[in-house]
Amino acid sequence: MSADQRQGAAPLPAASAQQRAAPAPVANAQQRAAMLRVDQAGEYGATRIYAGQLAVMGQRSGEARAIARMAAQEAHHRAIFDEMIARRGVRPTALQPVWKVAGFALGAATALIGPKAAMACTAAIETEIDRHYGEQLGQLGDTDPELSAVIGEFRAEEVEHRDAALAAGAEQAPAYALLSGAIRLGCRIAIGLSRHI
Ligand SMILES: [Fe+2]
Ligand SMILES: [Fe+2]
């Protein structure tokens with residue numbers, strides 16, 4: 001092998017390493033609109049879940065106070081996404097009336113089982129939302145700094161909700177694995193539907 005060939009071959013591994021490190025194809029405008037749609041729907045759903053839980057639990061127990069604090073943050077998340085979809089002209093999900101009823105029902109049902117089941121619901125939902133927001137941040141790359149900043153901030157708060165719910169005994173809920181698995185599956189289905197419908 002000549003010196004020229006060696007020099008010519010040398011840059012190849014570096015170039016392919018660079019290609020491997022390059023971010024995956026990033027979200028286009030239509031995909032970013034779908035992200036905003038699903039996120040607005042999700043935060044709306046979260047406010048409805050907590051409304052259902054608080055309707056059953058009242059406001060006085062320690063758990064209810066913790067839930068009310070999380071609910072206030074969800075209302076803030078929702079308000080920010082409401083403003084963003086309006087400003088950007090993104091169509092909200094047509095499934096909003098479904099999430100209104102389903103969210104409230106899920107919240108009320110878990111609270112009726114008991115406070116630990118209510119916490120198991122939060123832990124399950126926030127586990128999925130953490131995964132979902134993390135996925136979106138990866139897809140966004142640096143295409144939409146405003147949306148990335150909002151998602152990053154909310155994601156941190158959702159993780160706090162998950163940890164607070166686990167600390168409050170979520171895993172001691174009756175049939176925790178079953179309950180958690182069912183809620184996580186429902187959450188994934190709702191995310192998939194709200195993206196497109
Ligand atoms: Fe939220
Ligand atoms: Fe949350």
Side-chain angles (χ1 to χ4, degrees), residues 34-82 85 92-136 151 154-197:
M35 287 183 190
L36 207 41
R37 173 158 50 248
V38 67
D39 292 352
Q40 189 270 345
E43 297 296 350
Y44 174 68
T47 65
R48 295 299 298 161
I49 291 169
Y50 287 130
Q53 292 184 337
L54 290 170
V56 170
M57 296 169 78
Q59 305 276 352
R60 270 182 296 193
S61 67
E63 284 99 347
R65 283 199 300 274
I67 288 170
R69 276 194 297 276
M70 295 192 276
Q73 283 180 313
E74 303 301 355
H76 171 67
H77 297 173
R78 184 205 161 181
I80 297 290
F81 282 134
D82 279 355
I85 60 169
T93 176
L95 294 171
Q96 193 122 328
V98 177
W99 305 145
K100 179 177 182 178
V101 174
F104 191 92
L106 175 62
T110 49
L112 280 168
I113 300 171
K116 301 250 188 292
M119 291 300 173
C121 176
T122 291
I125 298 272
E126 303 296 22
T127 298
E128 285 304 313
I129 299 305
D130 174 42
R131 186 191 56 77
H132 164 74
Y133 279 159
E135 222 171 75
Q136 284 192 338
I151 291 173
F154 293 177
R155 183 190 189 192
E157 292 179 350
E158 312 301 9
V159 167
E160 282 173 22
H161 296 171
R162 182 199 63 201
D163 293 347
L166 290 171
E171 289 158 308
Q172 292 147 34
Y176 172 73
L178 189 68
L179 186 66
S180 174
I183 293 171
R184 287 180 63 171
L185 178 64
C187 187
R188 281 175 181 239
I189 292 170
I191 286 171
L193 290 173
S194 297
R195 198 173 282 146
H196 303 294
I197 299 175

Excluding sequence neighbours, so at least two apart, what forms side-chain hydrogen bond (donor to acceptor under 3.5 Å, both in side chains) with [X]?
X      : value
Tyr44  : none
Arg37  : none
Glu157 : His77
Thr93  : none

For [X], side chain to side chain contact (heavy atoms under 4.5 Å, CB included) partners two or more places apart:
X      : result
Ala72  : none
Ala64  : Leu54, Met57, Ser61
Leu178 : Ala175

Step-by-step side chain to side chain contact (heavy atoms under 4.5 Å, CB included) determination, Arg131 to Arg188:
CA-CA 10 Å; Arg131 186 191 56 77; Arg188 281 175 181 239; 3.1 Å; yes

Any [X] side-chain heavy atom under 4.5 Å of [Y] side chain:
X      : Y      : result
Thr110 : Ile183 : yes
Glu43  : Glu158 : yes
Trp99  : Arg48  : no
His132 : Asp39  : yes
Gln40  : Asp82  : yes

Pairwise salt bridge (charged side-chain N to carboxylate O under 4.0 Å, His left out) hits with a residue in [range], at least two apart:
range            : value
residues 99-123  : none
residues 160-180 : Asp130-Arg162
residues 176-186 : Glu128-Arg184
residues 68-77   : none

Considering non-hydrogen atoms only, spot the tightest contact between [X] and [Y] and give its length.
X      : Y      : value
Ile49  : Cys121 : CG2-SG, 3.9 Å
Ala120 : Ala173 : CB-CB, 3.9 Å
Phe104 : Ala55  : CZ-CB, 3.8 Å

Calculate, to the nearest 0.5 Å, the distance between atoms [atom1] and [atom2] belonging to [X] and [Y] respectively.
X      : Y      : atom1 : atom2 : result
Ile129 : Ile151 : CD1   : CD1   : 11.0 Å
Ile125 : Ser180 : CD1   : OG    : 9.5 Å
Gln53  : Leu106 : CD    : CG    : 7.5 Å
Gln73  : Thr47  : CD    : OG1   : 13.5 Å
Glu126 : Tyr133 : CD    : OH    : 8.5 Å

According to ring pair (Phe, Tyr, Trp, His ring centres under 6.0 Å), who are the partners of Phe81, at least two apart in sequence or on a separate chain?
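Checked Phe81 against ring pair (Phe, Tyr, Trp, His ring centres under 6.0 Å); matches are Phe154.
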
